[in-house]
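Before any comments, here is the structure.
First listed ligand is number 1; within each ligand, the first listed atom is number 1. Note that these values count all heavy atoms, side chains included, but never hydrogens, waters or copies made by symmetry.
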Amino acid sequence: MSTAIYPGSFDPITNGHVGIIRGGLVVFEKVVIAVLGNPRKDTLFSVEERIDMIRDSIDMSDGRVEVDSFDGLLVDYCRQKGARVVLRGLRAVADFEYELQMANMNRHLHPGVETVFIMANDAYFYVSSNLVKEAAKLGGEVSKLVPASVAPRLYAKLGR
Ligand code: ADP
């Protein structure tokens, strides 16, 4: 079975992420959404909260999507899952340099794993978890940019 690992912070999941997951399911039989457990940066939501929001946002009924968390090296996690593909999304040019570095580092660490990119949907090209959080914190309306169950949890977390 072709399995792709889609790693990320998902703090919180946005409609941009959902688009990448849908795209991944066109190409691969299974997509494992892997929430980063020990991020370099502080997150607003705990790993459990991030996983819950993903589960509420994606149709998991056919068993083609799995949600999990991981710590440590992504390539070790891929080995553990028996996956040879890392799925990532590409938005503006700004994503490119970082993603190229990561893909090459992962290829260096484990040549048996390849990174595959799916282009961002036009409608969510400018959407990032960070911008959504910033806008929501200042009272901005972000409910069209995130799955339905995410906005209320975001506003509640931010005390809005
Ligand atoms: P990370 O901290 O690993 O970058 P993110 O949750 O921010 O985690 O992003 C995970 C992946 O999803 C990255 O490849 C990122 O480029 C992609 N992504 C994030 N937002 C969007 C979006 N709006 N459209 C397409 N891809 C996106």
Any donor-acceptor N/O pair, Arg50 side chain to Phe45 backbone, under 3.5 Å: yes
Short side-chain to backbone donor-acceptor contact, Glu29 and Ser2, under 3.5 Å: yes
Ala120 neighbourhood, listing ligand 1 atoms whose heavy-atom distance to it stays under 4.0 Å: 24 (N), 25 (C)
Nitrogen or oxygen of Asp11 less than 3.5 angstrom from that of ligand 1: no
Contact (N/O only, under 3.5 Å) between Ser9 and ligand 1: yes
Heavy atom of Tyr6, distance to ligand 1 below 4.0 Å: yes
Proximal ligand 1 atoms for Asp95, defined as those under 4.0 Å from one of its heavy atoms: 16 (O)
Over 12 foreign heavy atoms within 6.0 Å of CZ, Arg22: no
Subset of ligand 1 atoms that lie under 4.0 Å from at least one heavy atom of Val127: 20 (N), 21 (C), 22 (C), 23 (N)
Exceeds 12 heavy-atom contacts within 6.0 angstrom, atom CE of Met105: no
Interfacing atoms of ligand 1 (cut-off 4.0 Å, heavy-atom, Phe10): 6 (O)
Contact check: Glu99 vs ligand 1, nitrogen or oxygen atoms, below 3.5 angstrom: yes
Main-chain N/O of Val35 paired to Ser69 side chain as donor or acceptor, under 3.5 Å: no
Chi angles and distances behind the salt bridge (charged side-chain N to carboxylate O under 4.0 Å, His left out) call for Lys81, Asp68: CA-CA 11 Å; Lys81 285 293 199 183; Asp68 193 11; 3.8 Å; yes
Contact (N/O only, under 3.5 Å) between Ile20 and ligand 1: no
Within 6.0 angstrom of Arg153 CZ, more than 12 heavy atoms from elsewhere: yes
Side-chain donor or acceptor of Arg55 paired with backbone N/O of Val67 under 3.5 Å: yes
Heavy atoms from other residues, nucleotides or ligands near CG of Asp122 exceed 12 (cutoff 6.0 Å): no
N or O contact, Tyr124 vs ligand 1, cut-off under 3.5 Å: yes
Geometric N/O contact His17 with ligand 1, under 3.5 angstrom: yes
Atom indices of ligand 1, in the order listed, that fall short of 4.0 Å to a heavy atom of Gly8: 3 (O), 8 (O), 10 (C)
Polar atom proximity, Gly89 to ligand 1 (N or O, under 3.5 Å): yes
